[in-house]
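Presented below is the structure to which this report refers.
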Amino acid sequence: MPTTPQQSIDQIFTHHEPAILEGWMCEQVAALTSRQDLMSTAALRTQSQAFLALFTLACRDGGLVDITGTPWAPVLDFLADLSSQRAKLGFTPSETATFVFSLKQPVFARVREELGADVGTLVDDLWGMNVLLDKLGLYTMELYLKSRETVIKHQQLDMLELSTPVLNLWQDILAVPLIGTLDSSRMQAVMENLLGAIAKQGSPIAIVDITGVSAVDTEVAQHLLKTAAAARLMGAQCIISGISAPIAQTMVALGVPFGSVDTRATLADALAQAFAQTHRQVVVMEPQAY
Amino acid sequence: MTTSIPIIAFSELLLVTIQGDVSDEQLEALRAELCERIQVTRAKGVLMDISGLTLVDSYLSRTLVALTTQSRLLGATLVMVGMRPDVALTVVDMGLRLEGVNAVATLEQGQALLRRLALASGQEGGHGHHNT
């Protein structure tokens with residue numbers, strides 16, 4: 001009695017699951033020998049076994065063609081978890097996809113063994129299996145990338161928070177040291193933090209130091225001016241320090257009207273200016289006689 | 001009938017407190033009353049507490065400039081105290097210019113500024129020293 005491809009495949013999985021698992025494990029361990037640091041063989045075996053069980057069920061109930069149906073949902077969920085887990089652990093994309101693709105070899109070997117005589121069915125089965133595993137592999141990749149994007153987004157948010165501290169440099173003197181690349185959203189955060197601190201502490205002087213900033217564009221310059229103007233309305237004077245020579249040239253070329261803002265070459269100069277403005281003086285002490 | 005914005009006199013200064021939403025009529029009344037009070041008390045300084053102000057429009061900012069100018073004409077320096085960050089940003093975003101208006105963060109700073117200006121004055125009306 002001839003069997004349809006689907007029947008034979010799902011029989012092969014049901015009957016030879018342990019053998020396929022062994023073969024698959026060999027393949028995976030060979031491919032992932034370098035990643036023993038990220039995941040132990042035992043954990044990999046547990047994961048593979050769980051996947052194979054779900055996969056066998058899905059093959060039996062859902063067919064090999066359409067993986068969007070309900071029977072395949074548990075398999076896809078499993079792969080989604082696996083992808084995001086591996087993305088966080090630091091697996092590379094190809095290492096992640098290998099999980100699915102390495103299943104081909106043992107499955108194909110088993111199918112050939114079972115259906116070796118019947119060439120027509122063999123080719124059909126192998127093709128169906130190939131397409132199915134490719135689909136699952138691509139799905140894994142897609143989710144891997146998605147979870148990597150999420151990680152990146154989180155890191156961006158963290159950076160945004162980390163990168164904009166408002167320091168109490170001295171009594172009545174606030175300072176914001178800016179480092180790295182300035183963009184609009186970061187400038188917005190800086191502006192809000194600084195104005196909030198001015199309102200809270202009533203500081204008459206705020207120094208914005210941009211020594212560590214590599215480049216400034218028109219938008220960022222406008223934000224700086226806006227911050228200075230708003231601070232002035234709140235009763236605080238803004239001093240911008242650490243404008244590098246290239247940034248100064250860019251500002252002039254862009255025609256940014258920095259004339260209305262106090263600028264100083266270095267943070268030290270800005271602090272000296274702030275001391276003068278708050279009627280403070282730094283005095284060098286005479287060395288004590290022993 | 002709306003209530004008028006209170007003006008309190010203390011130690012040769014006038015203290016004006018603006019709270020919450022103010023109508024254009026209230027502001028109009030304030031302009032007239034502040035002139036009168038400056039003349040009567042011979043105050044040299046006006047502290048205008050706007051920390052309770054949550055909204056600012058072009059009329060209000062024009063009024064602030066007008067109050068500053070007319071106070072100066074009468075020999076008093078007007079100082080804005082405690083503008084909120086969001087209000088300050090709105091003013092800047094709207095492109096409103098509060099030219100010649102003195103601003104400080106706290107009442108103490110306002111008093112100190114007025115004291116300094118009074119010491120430095122004599123030859124001049126004593127305005128614009130605070131880099132506004």
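Convention: sequence-line order gives letters A, B, ...; per-chain numbering from 1. As a basis for the values below, the full set of heavy atoms in this structure was taken, side chains included, without hydrogen atoms, waters or symmetry mates. Values in this document were obtained by computation on a predicted structure and should not be read as measured data.
- Here the CG atom belonging to L89(B) is positioned 7.5 Å from the CD atom belonging to E192(A), to the nearest 0.5 angstrom.
- Note: M83(B) CE to I198(A) CD1 = 12.5 Å, rounded to the nearest 0.5 Å.
- Between chain A and the residues A105(B), P85(B), G82(B), the largest count of heavy-atom pairs under 4.5 Å involves P85(B).
- Counting all heavy atoms, side chain and backbone alike, Q109(B) lies closest to P204(A) at NE2-CD, 3.8 Å.
- Neither the backbone nor the side chain of D86(B) comes within contact range of chain A; no heavy atoms are under 4.5 Å apart.
- A 4.5 Å side-chain heavy-atom check between V87(B) and M234(A) finds every atom pair outside the cut-off.
- Taking chain A as the reference chain and counting heavy-atom pairs below 4.5 Å, the highest number among V81(B), T106(B), D93(B) is found for D93(B).
- Closest heavy-atom contact between A230(A) and A88(B): O-CB, 3.5 Å.
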